[in-house]
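Okay, so here's the structure we're looking at.
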Amino acid sequence: MIFTSLNDLYFFAAGIQGLNVITDIALETKLVLLPLILFILKELSKASQGDDAERVLLLKRLEIGVWTQIFVILVAFYPLVPVKVDGFALYAKQCEGYKEPKINKGFFANGEKINDLQVMLSGGELKMPLLLSLAHTYGTGFSIESVDRLPCGINLQGVKSALLENTIHDQRLLIETKHFIRRCYQPALNKAIRDPKNMLPWIEDPHTESQPWPGHEAFMNDEYYGAIGRGFYSDVLLPGWQGAKANKYNHWWMESQQEERRGECTTGDCIHQVGGFPSCQEWWHGIGAGWPGVHVSSNDMSLRKRLWDNLPEDDKDVIWPVLEQSFGNASRSDTWFQDKVVEKAYFSRVSMNRIMGAEPKDYGLEGGGAVKAMVGIITRLVGTVGSAATSAVEYAGASIVQNAAPLIKGSFMMVLLVVYPVVILVSQYGFKMAIMMPILYLSVQFWPFFWELTIVVQKSYLETVAASSNIPLLDILSNPNIALSSQRITDALFIIFPMIFSSFLSYAGL
């Protein structure tokens, strides 16, 4: 048997264990014969009340019914097929740039032969009915093949999570980024608005893809981030920036050099030995950026490089494919893609508010007496309101339904397996029920196809909306209202699709 995840394997094994226990009890107590005996007695009772012609017909019906029930017992009730785990198969997409993830094989990960489930459960041999075995085999095979034939889709819930939940965990880097926005980006943005003659991209066309953000290339010149005389430099000492070209224009830094020469500061404690005051362009791209004769795209000292390194690799892997699909037709460098990832991950409206809200201060701990108590109550009330206001953003970043969907599938599969022998027994080995239950189980194996189809539909819909409004897809996903609405619709489809399919397929089986 092939499984698509270790999660399915565990739930399946638990369900088969329950099925075997109930079946063994029914066999040991001879309860398995009760439906057959009741059927025979009922038919004989009918035959005794009719004439000779009816009696012959009823006896023939009795014979056919007995053979039918025996057939159902053999193929749909009695566990004849040994459960063997042949391996795992993922839902692999044949798409450009697709990387097949590694599957968690649990206790099978050491390369040992995957031949049974005795290690997992009681140590006894597990078996299952023939019809259930066929339903599992064909259901899994159809599901894998159907998913593979769907167009490539991206799980936008994962992209939204990367965009809306990403935070800068390094507090020093977070505060430095906040200071860069206040010292460089906001003044540059205000200058661009006050002086529209420069005709920056978003001023010429408000709907352009090239929207303003702290690392925008339009700011990397002497009019903006390179204009030291207009205040576009760090006004606080940044450790490690002793080599910044802008230091020679800073009187504190130059005065520190003079103090060292006069012996007025100890070696290692002088300002110019600890750090420097880089220009905004140097601060973003690295030492020497923007100066004649110096070619710097980025280095380890740059804020851009440190923000890129701070971003988790999983978030990079999630955002990058969306960018490639959105801008893949044009010739773009890796540096351009990195800038886009940093922009979308850190400087969306939600992320920007999170950065600017850094350095929280508990004013409730200040003051004394009644003033302290009153201020504490007010500040905590404001904090509660603020938390409620941001709850939609946090909720929009993670889909509980989509995360729980594989667990729901496995749990439902386990319940079906456990109740299966009881249902067949109570139905008196009814042929319709013997067909319906395996079909219902097969439909559960097909659920991932509908989940993948939902993801494809969601992506296609948002891409259409993005194209019609000239707004990049990632900007739509970083909008909490749209993200929340999209998530609710997607979550509903994750539930409705499988429910409708399983219900109608089960009804067709009856």
Side-chain angles (χ1 to χ4, degrees), residues 1-4 6-43 62 64-86 107 114-141 407-446 502 505-506 509-510:
M1 291 182 176
I2 298 294
F3 292 86
T4 56
L6 189 63
N7 174 73
D8 281 358
L9 175 58
Y10 272 92
F11 280 114
F12 173 84
I16 289 296
Q17 178 74 15
L19 182 149
N20 284 182
V21 170
I22 293 175
T23 305
D24 289 343
I25 293 175
L27 292 172
E28 291 173 3
T29 59
K30 305 302 185 288
L31 187 62
V32 67
L33 299 176
L34 181 60
L36 191 59
I37 295 173
L38 291 175
F39 174 76
I40 294 174
L41 292 176
K42 183 177 66 174
E43 295 300 324
L62 173 61
I64 294 174
V66 170
W67 284 112
T68 301
Q69 288 194 350
I70 293 175
F71 175 76
V72 171
I73 291 174
L74 292 176
V75 301
F77 179 81
Y78 193 81
L80 293 172
V81 181
V83 175
K84 301 293 184 182
V85 183
D86 298 317
F107 51 78
I114 303 176
N115 55 7
D116 56 48
L117 301 178
Q118 295 181 6
V119 181
M120 182 188 302
L121 295 170
S122 64
E125 185 178 13
L126 299 178
K127 295 183 179 182
M128 65 188 303
L130 176 61
L131 285 184
L132 267 183
S133 176
L134 292 175
H136 178 88
T137 302
Y138 283 103
T140 303
L407 293 176
I408 295 173
K409 171 179 177 268
S411 302
F412 192 69
M413 182 171 62
M414 180 184 68
V415 172
L416 276 180
L417 291 172
V418 173
V419 303
Y420 176 83
V422 179
V423 173
I424 300 297
L425 189 66
V426 173
S427 69
Q428 294 187 357
Y429 309 117
F431 193 74
K432 289 184 178 181
M433 194 59 67
I435 295 297
M436 188 276 287
M437 289 296 289
I439 288 180
L440 179 58
Y441 181 84
L442 183 148
S443 71
V444 176
Q445 306 305 309
F446 211 71
S502 294
L505 198 61
S506 300
L510 284 174

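Residues take their numbers from the sequence shown, with the count starting at 1. This structure is a prediction, so every number in the text was calculated from the model and none was measured.
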field: Leu416 side chain reached by Leu440 side chain, heavy atoms, under 4.5 Å
entry: yes

N/O donor-acceptor pair under 3.5 Å between Gln445 side chain and Ala135 backbone: no

message: Would you compute the distance between atom CG of Leu425 and atom CE of Met433 and round it to the nearest 0.5 angstrom?
response: 12.5 Å

- prompt: Of the non-hydrogen atoms in Ala76 and Leu131, which two are nearest, and what is the gap between them?
  reply: CB-CD1, 3.8 Å

query: Which pairs pass side-chain hydrogen bond (donor to acceptor under 3.5 Å, both in side chains) with one or both residues in residues 435-444, sequence neighbours excluded?
result: His136-Tyr441, Ser443-Ser502

field: Distance in Å, Ile16 CD1 paired with Leu132 CG, rounded so as to fall on 0.5 Å steps
entry: 6.5 Å

- line: Distance col, row Gln17:CD vs Met414:CE, nearest 0.5 angstrom, shows 12.0 Å

field: Sub-4.5 Å side-chain heavy-atom contact between Ile22 and Val422
entry: yes

- prompt: Would you say the side-chain atoms of Ser133 pair up with the backbone N or O of Pro129, donor to acceptor, closer than 3.5 Å?
  reply: no

query: Going from NZ on Lys409 to CG on Asp8, what distance comes out if it is rounded to the nearest 0.5 angstrom?
result: 3.5 Å

statement: Rounding to 0.5 Å, atoms CD1 (Ile424) and CG (Leu19) come to a distance of 10.0 Å

query: Is the number of heavy atoms from other residues, nucleotides or ligands within 6.0 Å of OH (Tyr78) greater than 12?
result: no

query: Can you check whether Pro79 reaches Asn20 side chain to side chain, under 4.5 Å on heavy atoms?
result: yes

field: Closest approach of Gly18 to Val418 (non-hydrogen atoms, all atoms of both residues)
entry: CA-CG2, 4.3 Å

query: With side chains defined as the heavy atoms from C-beta onward, is the minimum distance between Lys127 and Val81 less than 4.5 Å?
result: no

Interatomic distance, Phe12 atom CZ to Leu417 atom CG [nearest 0.5 angstrom]: 6.0 Å

statement: Contacts satisfying ring-ring contact (aromatic ring centres under 6.0 Å, His included) that involve residues 410-435 (not counting sequence neighbours) are Phe77-Tyr429, Phe412-Trp447

- request: Go through Phe446 and Leu505 one step at a time and tell me if the side chain to side chain contact (heavy atoms under 4.5 Å, CB included) criterion holds.
  value: CA-CA 11 Å; Phe446 211 71; Leu505 198 61; over 6 Å; no

- prompt: Can you find a pair of side-chain heavy atoms, one from Leu31 and one from Leu34, that are under 4.5 Å apart?
  reply: yes

task: State, yes or no, whether a side-chain contact exists between Leu27 and Val32 at a heavy-atom distance under 4.5 Å.
output: yes

- prompt: Checking Thr140 side chain against Thr137 main chain: does a donor-acceptor pair fall under 3.5 Å?
  reply: no

